[in-house]
Amino acid sequence: MKQYICFDVGGTGIGYGIIEENGNIVKKGSMNSEARTLGGKGIVDKMVAKTKSFLPDYKLEGVAISTHGMIDSKNGIVMHADDHLIPGYSMMRVKDIIESETGLTCHLENDVNCAGLGELWLGANTDRKLVSMITVGTGIGACLIQDGQLITGECMCAGEIGKIMIPGGRFEDVASTYAMTSGLEKRLGLETDSLNGKMVFERIEAGDQVYIDAVDKMIDKLAIGLSTLAYIYNPGIIILGGGIMAREDYFKPRLEVALAKYLTPLILNNTEIRFAKLKNDAGMIGALKNFLNKNGD
């Protein structure tokens, strides 16, 4: 069974794993990205060093990367990355560097695109023609998949749904987990970045109406953005991922009610809402699926 090293690069951490060609994870771990201090070069250096550390014990066939940023997946270039998350990452020729340093073929793709590919491969179990994956966290991102292949757009930026305007501002500025928690922090006079999704749900389960109202508002804004996507792209399935979306029990029934306010019955009844099954492994598994697609495997 062929084996690959796969990475999932974020602003704070880098997940990595040795994964077989069927998606089976042999070994996995994570490391601090130190992105704000080491920048894009530091992240690439960490991936090179980690890859080299596995070469004596594993016969690796390639390096597959899921990463933050707008990615030219054909040439393996990070075309744009948020400088406040990973400074100096924009325009890095990641593929060329890693291939030169390790001697292994490398392919990379945007993290949300990879999460979608991973879920569709091993999590979603569907024959629907059109699928979209939405991740909700610090921001909101989307991928669009038709017949198992990514729709990347003219300049490979398709799916930047977080930047669309809805009532109140940009979608990700009013409907993300960060928007919800930062709004609560301001309202309650709490320290910046002192709340997270887990803490919010602890207060909800204690019956705190302020927290209940904040998540209800988030759900309504999510429904507006998702309905916009549904009208334009008309996917058969929308898969929701991101840390807070682990609470499918809470979000799914409320989101379905909210979507009914914004979608016509025809589209509503033909748009299935699902929640991610692969959790934190989706990016790495999708990175491998992207690699296999690129190599024609």
Side-chain angles (χ1 to χ4, degrees), residues 5-16 30-51 63-102 106-118 133-144 150-164 169-173 175-179 182 193 241-243 280 282-288 290-291 294:
I5 184 165
C6 304
F7 293 98
D8 189 12
V9 178
T12 57
I14 303 172
Y16 61 86
S30 63
M31 53 187 166
N32 192 321
S33 69
E34 299 180 271
R36 289 178 177 81
T37 54
L38 299 180
K41 182 181 184 304
I43 282 178
V44 176
D45 288 345
K46 281 175 178 281
M47 289 191 286
V48 167
K50 183 60 67 177
T51 299
V63 182
I65 302 172
S66 160
T67 181
H68 164 80
M70 297 179 184
I71 308 301
D72 174 351
S73 59
K74 180 179 179 180
N75 297 300
I77 302 170
V78 178
M79 296 186 297
H80 172 80
D82 293 328
D83 220 40
H84 67 283
L85 291 178
I86 309 179
Y89 202 31
S90 296
M91 298 313 298
M92 283 201 72
R93 304 187 69 90
V94 175
K95 174 180 169 69
D96 289 349
I97 296 169
I98 288 182
E99 289 185 343
S100 173
E101 292 288 333
T102 68
C106 172
H107 292 298
L108 60 149
E109 183 54 88
N110 167 267
D111 50 4
V112 182
N113 287 348
C114 285
L117 286 173
M133 170 96 186
I134 313 293
T135 57
V136 182
T138 304
I140 296 178
C143 76
L144 312 174
L150 288 168
I151 297 174
T152 55
E154 182 66 24
C155 61
M156 301 186 188
C157 297
E160 289 294 328
I161 191 174
K163 308 298 189 287
I164 66 171
R170 296 196 313 176
F171 186 29
E172 62 188 5
D173 293 340
S176 64
T177 305
Y178 177 76
S182 62
D193 295 333
N280 291 335
M284 290 193 301
I285 290 172
L288 174 56
N290 175 65
F291 186 104
K294 294 283 187 187

Kindly indicate whether the side chain of [X], heavy atoms from C-beta on, has any atom under 4.5 Å from the side chain of [Y].
| X | Y | result |
| --- | --- | --- |
| Glu172 | Thr138 | no |
| Leu38 | Lys46 | yes |
| Cys143 | Leu150 | yes |
| Thr51 | Tyr16 | no |
| Asp111 | Asp8 | yes |

Heavy-atom closest pair, residues [X] and [Y]:
| X | Y | result |
| --- | --- | --- |
| Cys6 | Leu288 | SG-CB, 3.8 Å |
| Met133 | Ala115 | CE-CB, 4.0 Å |
| Ser66 | Gly283 | CB-O, 3.4 Å |
| Ala64 | Ala287 | CB-O, 3.4 Å |
| Ala175 | Ala179 | N-CB, 4.1 Å |
| Ser176 | Gly139 | CB-O, 4.0 Å |

Can you measure from [atom1] ([X]) to [atom2] ([Y]) and round to the nearest 0.5 angstrom?
| X | Y | atom1 | atom2 | result |
| --- | --- | --- | --- | --- |
| Lys95 | Ser73 | NZ | OG | 10.0 Å |
| Cys157 | His80 | SG | NE2 | 9.0 Å |
| Ser33 | Phe7 | OG | CZ | 13.0 Å |
| Thr67 | Asn113 | OG1 | CG | 11.5 Å |
| Ile77 | Asp96 | CD1 | CG | 7.0 Å |
| Leu108 | Met47 | CG | CE | 8.0 Å |

Of Ile98, Ile43, Ile14, Ile5, which meets side-chain contact (heavy atoms from CB on, under 4.5 Å) against Ile65? Ile98
Does the [X] side chain pair with the main chain of [Y], one donor and one acceptor, at a distance under 3.5 Å?
| X | Y | value |
| --- | --- | --- |
| Asn32 | Gly13 | no |
| Asp82 | Leu85 | no |
| Asp72 | Val78 | no |
| Ser30 | Gly15 | no |
| Thr135 | Gly242 | no |
| Ser182 | Tyr178 | yes |

List the steps, then state whether side chain to side chain contact (heavy atoms under 4.5 Å, CB included) holds for Val48 with Asp45. CA-CA 5 Å; Val48 167; Asp45 288 345; 5.6 Å; no
Does atom NZ of Lys74 have more than 12 heavy-atom neighbours, drawn from other residues, nucleotides or ligands, at distances under 6.0 Å? no
Sequence neighbours left out, what passes salt bridge (Lys or Arg N to Asp or Glu O under 4.0 Å) with Asp173? Give chain and number order. Arg170
Side chain to side chain contact (heavy atoms under 4.5 Å, CB included) partners of Asn290, counting only residues at least two apart: His107, Glu109, Leu117, Lys294
